[in-house]
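Below is one structure, written out as structure tokens; the observations come after it.
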Amino acid sequence: MTGDGDDGDLHDILGRALAALSAAATPAEVDAVRARYLGRGDGELTLLRRRIGSIADPDARRQLGISVNEAWRRLEDDVVARRAALERQRRVAAEADEALDLTWPPPPLRRGHLHPVTRMSREIRRVFTQLGYLVVSGPEVEYDRYNFTLVNMPPGHPARDTQDTFYIDAARLLRTQTSPVQVRAMLALGVPLRVIVPGKVFRRDNDPTHSPVFHQVEGLLVDEGVTVGDLKGTLEYLARSIFGPERAIRLRPHHFPYTEPSLEVDVSCMVCGGDGCRTCRHSGWIEVLGSGMVHPRVLSNAGVDPGRYTGFAFGFGIERAAQLAYGIDDVRLLYENDVRLVRQG
Ligand code: DAH
């Protein structure tokens with residue numbers, strides 16, 4: 001056996017060992033490579049090392065001893081490094097795979113919040129149920145007769161054109177307002193009565209400030225001897241309950257087919273308190289709702305004697321009230337389902 005031959009063996013062994021090591025795909029395979037080449041009893045390198053003592057030429061013996069030791073250390077280091085790399089890989093993969101890792105901190109708890117429209121709708125219900133009103137509803141698919149004719153907007157009435165109606169057929173439509181429920185409530189419940197009607201209404205506009213579906217609330221009180229003073233007191237109470245105790249209201253004459261007289265109601269600006277700002281266009285007032293004394297014809301259409309009973313009605317948009325009360329300047333925010341809006345609570 002010559003020194004050259006042993007050197008050749010060493011290169012061959014080391015080459016195969018390193019190749020096997022980089023091909024090892026698991027820590028167990030690394031251990032197998034280690035056993036095969038560095039194993040105590042019959043590792044290939046172990047056997048070669050054992051042969052060193054039998055080399056006769058002292059230089060060749062020393063040379064091979066140094067080379068084998070170097071190879072041994074190199075292999076030992078690579079085994080440790082490869083094993084660690086595979087362990088790390090396996091851990092990372094296992095963590096990624098794990099459906100439920102109980103060592104992770106839990107995500108922060110988020111409290112649920114109501115959508116501003118829901119919240120405003122509930123506030124309005126609360127205010128009026130405290131005043132003894134019943135909360136009632138009517139159909140969203142409505143008859144033309146109820147939506148228009150019975151609230152004093154007969155066929156051909158000019159105000160019909162302003163409502164951008166979705167018609168289903170000649171007789172039926174998607175209600176454009178909650179006012180038809182005035183008649184339905186009186187027919188169903190009789191008088192005296194006080195009701196509020198929160199609900200969806202539909203109109204054929206869809207632009208940055210209008211949605212084809214929005215929410216209104218209608219109020220109706222009918223009794224003997226009801227006056228504009230009762231209406232005014234009720235609206236004042238409503239405005240203060242919803243927009244803050246400092247609010248004042250202002251009534252302006254207007255026209256609605258189903259009320260006489262009709263009044264538009266402004267509330268002192270909730271942003272600037274009435275001093276004038278961008279929200280109120282520097283007037284100090286914001287138009288919030290429509291109202292008036294129920295038209296005698298609406299009463300008689302609902303089977304109520306206008307000679308004996310009077311009443312007041314009002315109606316307003318819930319989105320708009322929510323925007324004003326909660327300071328939301330773009331209606332579209334209410335419909336985009338961006339959860340950040342409700343998270344603001
Ligand atoms: N129906 C009206 C609208 O859709 C709102 C309204 C105005 C309702 C005056 C009323 C009222 O009851 O008296 O714009």
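Counting starts at 1 for both ligands and their atoms, following the listed order. If you're wondering where the values come from, they're calculated on a predicted model, not measured in any experiment.
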Heavy atom of the protein closest to atom 12 (O) of ligand 1 (residue, atom name, distance)
Glu218 OE2, 2.6 Å

Which ligand 1 atoms are under 4.0 Å away from a heavy-atom of Thr259?
13 (O)

Go through ligand 1 atom by atom and flag the ones less than 4.0 Å from a non-hydrogen atom of Arg203.
3 (C), 4 (O), 14 (O)

Salt bridge present between Asp77 and Arg73 (N-O < 4.0 angstrom)
no

If we number the atoms of ligand 1 from 1 as shown, the ones under 4.0 Å from a heavy atom of Gly292 are 13 (O)

Measure the distance from atom 2 (C) of ligand 1 to every protein heavy atom, then report the residue, atom name and distance (to 0.1 Å) of the closest one.
Tyr258 OH, 3.0 Å

What is the ring orientation for Phe256 with Tyr258, classed by angle as parallel under 30°, tilted 30 to 60°, or perpendicular over 60°?
parallel

Can you pull out every side-chain hydrogen bond (donor to acceptor under 3.5 Å, both in side chains) where at least one residue sits in residues 36-45? Sequence neighbours excluded, please.
Arg16-Tyr37, Arg16-Glu44, Arg36-Glu44

Could you state the interatomic distance from CG (Leu221) to CE (Met293), rounded to the nearest 0.5 Å?
9.0 Å

Does His255 come within less than 4.0 angstrom of ligand 1, counting non-hydrogen atoms of the residue?
no

So for ligand 1, is Gln163 a polar contact partner (N or O within less than 3.5 Å, distance only)?
no

Just distances here: any N/O of Phe316 and N/O of ligand 1 closer than 3.5 Å?
no

May I ask you to check whether Thr149 and Arg160 show a side-chain donor-acceptor distance below 3.5 Å?
yes

Ligand 1 atoms in contact with Ser291 (distance to a heavy atom under 4.0 Å)
9 (C), 11 (C), 13 (O)

After noting the C-alpha distance and the side-chain angles of Thr176 and Arg203, does the key distance pass the side chain to side chain donor-acceptor pair (under 3.5 Å) rule?
CA-CA 6 Å; Thr176 60; Arg203 293 193 194 177; 4.9 Å; no

For the aromatic rings, using the six-membered ring if either is Trp, is the centroid distance between Phe243 and Phe316 under 6.0 Å?
no

Using a 4.0 Å cutoff against the non-hydrogen atoms of Ala313, which atoms of ligand 1 qualify?
12 (O), 13 (O)

State the atoms of ligand 1, each with its element, that fall below the 4.0 Å cut-off from a heavy-atom position in Gln177.
1 (N), 2 (C), 4 (O)

Ignoring angles and geometry beyond distance, decide whether Ser179 reaches within less than 3.5 Å of ligand 1 through its nitrogen or oxygen atoms.
yes

Does Phe166 reach the side chain of Leu173, with side-chain heavy atoms less than 4.5 Å apart?
no

Parallel, tilted or perpendicular: ring planes of Phe148 versus Tyr167, cut at 30 and 60 degrees
tilted

Any side-chain heavy-atom pair from Leu174 and Asn147 closer than 4.5 angstrom?
no

of all protein heavy atoms, closest to atom 9 (C) of ligand 1 is Gly290 C, 3.3 Å

Ligand 1 versus Met293: contacting region, heavy-atom distance under 4.0 Å
neither

Numbered in order shown, the ligand 1 atoms found under 4.0 Å of a heavy atom of Gln182 are 12 (O)

